Amino acid sequence: MNGDVDRALEVLRSGGLVAIPTETVYGLAGDATNEAAVRRIFAAKGRPADHPLIVHIASAAQLSDWADEVPSAAERLASTCWPGPLTLLVPKARHVLPVVTGGRSTVGIRVPAHPLTEELLTRFGGGLAAPSANRFGMVSPTTAQHVRDDLGDAVDFVLDGGPCPIGVESTIIDCSVTPPQILRPGGIPSEQIVELLDGNIAEASGPSRASGMLASHYAPNARVLLAEDRAEALQLAADLDHPELIDRTADLVDYAQHLYSDLRAADARGAGTIVAVLPPPAGLGHAIRDRLMKAAAHRAD
Ligand code: TXA
Ligand code: MG
C-alpha cells in the first residue's frame, strides 16, 4: 500500500480535492456524491457549470451503479477497453447529481489505467468526478508539476504518479444513442472502436463534438499555426521571429505523450508563435490533430 494513496483517500473522504494521475492526463478529483466537493472542482478550474464531469470508477462491474441502463455497446466496449483511455456516456442512474452531469440525462464513466489511481479507486469504493486538472480552456496537465503550476492551492493534494504515458485525453463514445457516436477522439483510436462494434458506430468528422466542448480549447498562450508537413512548417516559420517548431510526426505515441508538455514548454520560453506539424488522421493521429486544431482556433478572449 502506498502512503500517498492513504493521504489522498483521507482528503477525498473529507470532501477535499485530489489531483490524480491517469494514463491520459491528470484529473482534478472529488467525491462524485458530495455536491460541495463537485462545486469546488468547477470553482478551482474556472469551468462553466454546463460542462459535465466524467465519473471515474474502479472497474466495469461498477458501471451499473451509475447507469440507469447499460446499452449493449457500452457493455462490449467496457469489457474490452477498461481499464483504459475510453469514456462511455450512458443514461444516468437517478442518484447521479445534476451538478456532475450539467443537468444532462447521461453520465460519462471511465475506468482509468494507472496503478496509483486504480489502488485509490478500489479503496475509495465510490466514484470520483474528475475533469482534466488544468484551468478551463488551457492545456491539460501530464505531470504533477503542471497541476501545481495551474491550480496551486486550489487542490488539496497532488498524487504524483509520474508523467502520463498516453498524454492525450480519453476517447469519448456516446452509447446513449443508436448507433453510438464518437464525440471526442482520444487515447483509443477510433479505428479500434469501429472494429469492436462491427462498424456499428457513427464517426464524428472534424473537431470533437462532446457537448460543452468549444472550438477553442487546449490552448497555450502562444499563437499556434498548423502545417500538414514539415516543408510547409518551415515555410511558415521562415516569415516569423523566433518561432517554436513542434513536429513529432515520426512517432505518434511520442507525439501524444509530449504534445501538452511541448506546448507548455514553448509558453514557458515566452514563444510568440508555435508552428506545429499535423500527423496523418489515423490511429492516435485523430486525437493529436483534434487537440492541435483546437489549440490553433481563434480565441474570443
Ligand atoms: O482522459 C480523460 O478523459 C481525462 C482524465 C482526467 O480522465 N478527463 C477529461 O475530462 O478529459 P474533461 O472534463 O476535461 O473532458 C471531458 C469532456 C468535457 O468536454 C465534457 O463536457 C464532456 O467530456 N462530457 C462529460 N460528460 C458528458 C456528458 N454526460 N454529456 C456530454 N459531454 C460530456
Ligand atoms: Mg479538459
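Numbering of ligands and ligand atoms starts at 1, following listing order. Only heavy atoms go into these numbers, but all of them, side chains included; no hydrogens, no water, no symmetry mates. Worth saying up front: this structure is predicted, and the values here are computed from it rather than measured.
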Notebook entry, point to check: Given the rule in the salt bridge (Lys or Arg N to Asp or Glu O under 4.0 Å) test, do E23 and R110 qualify, once you have shown the distances and angles that lead to the verdict?
Noted result: CA-CA 12 Å; E23 76 281 35; R110 107 172 178 93; 2.9 Å; yes
Check: Salt-bridged, E228 to R289, with N to O below 4.0 Å?
Finding: yes
Margin query: How about CD on Q145, more than 12 heavy atoms from neighbouring residues, nucleotides or ligands closer than 6.0 Å, or not?
Written below: yes
Item checked: Numbering as shown, the atoms of ligand 1 that approach R104 to under 4.0 Å (heavy-atom distance) -> 28 (C), 30 (N), 31 (C)
Notebook entry, point to check: Hey, which atoms in ligand 1 end up nearer than 4.0 Å to a heavy atom of G27?
Noted result: 6 (C)
Item checked: R184/E169 ion pair, N-O < 4.0 Å -> no
Check: Closest heavy-atom contact between N134 and L151?
Finding: C-CD2, 4.3 Å
Next item on the list: Tell me, yes or no, whether the heavy-atom count around H95 atom NE2, taken from other residues, nucleotides or ligands under 6.0 Å, exceeds 12.
Entry: yes
Checklist line | Where ligand 1 meets P131 - atom numbers and elements under 4.0 angstrom, heavy-atom basis | finding: 10 (O), 12 (P), 13 (O)
Notebook entry, point to check: N/O to N/O below 3.5 Å, does that happen between Y26 and ligand 1?
Noted result: no
Next item on the list: Give the numbers and elements of all ligand 1 atoms closer than 4.0 Å to a heavy atom of I54.
Entry: 3 (O), 8 (N), 9 (C), 10 (O), 16 (C)
Note to self: Given the ring of Y218, does R291 sit roughly above its face, with NZ or CZ under 6.0 Å from the centre of the six-membered ring and within 45° of the axis?
What the structure shows: yes
Note to self: Give the atom numbers and elements of ligand 1 that come within less than 4.0 Å of a heavy atom of S170.
What the structure shows: 1 (O), 2 (C), 3 (O)
Margin query: Tell me if the aromatic rings of F136 and H51 count as close, with their centers under 6.0 Å from one another.
Written below: yes
Note to self: Under 4.0 Å, heavy-atom basis, I'd like to know which part of L183 is in contact with ligand 1: side chain, backbone, both or neither.
What the structure shows: neither
Notebook entry, point to check: Is it the side chain (CB and beyond), the backbone, both or neither of R184 that lies under 4.0 Å from ligand 1, heavy atoms counted?
Noted result: side chain
Checklist line | Check ion pair R135-D150 (N to O, under 4.0 angstrom) | finding: no
Next item on the list: Compute the shortest N/O to N/O distance between T106 and ligand 1 and return yes if it is under 3.5 Å, no if not.
Entry: yes
Note to self: Check this for me, if you would: do R248 and D262 make a salt bridge, where the nitrogen-to-carboxylate-oxygen distance has to be below 4.0 angstrom?
What the structure shows: yes
Notebook entry, point to check: Does H51 reach ligand 1 with a nitrogen or oxygen that is under 3.5 Å from one of the ligand's nitrogen or oxygen atoms?
Noted result: no
Note to self: Using a distance threshold of 2.8 Å, state whether an N, O or S atom of S132 lies below it from the Mg ion (ligand 2).
What the structure shows: yes
Notebook entry, point to check: Is T101 close to ligand 1, meaning an N/O of one under 3.5 Å from an N/O of the other?
Noted result: no
Margin query: List ligand 1 atoms under 4.0 Å from H56, heavy atoms only on the residue side.
Written below: 5 (C), 6 (C), 7 (O)
Item checked: Numbered atoms of ligand 1 (with element) below 4.0 Å of I172, judged on heavy atoms -> 17 (C), 23 (O)
Notebook entry, point to check: Does the pair R7/D156 count as a salt bridge with the N-to-O cut at 4.0 Å?
Noted result: no
Note to self: Using a 4.0 Å cut-off to any heavy atom of E169, which atoms of ligand 1 qualify?
What the structure shows: 1 (O), 2 (C), 11 (O)
Check: For ligand 1, which part of R47 has a heavy atom less than 4.0 Å away: the side chain, the backbone, both, or neither?
Finding: side chain
Note to self: Side chain, backbone, both or neither: which applies to L89 and ligand 1 if a contact is any heavy-atom pair less than 4.0 Å apart?
What the structure shows: side chain
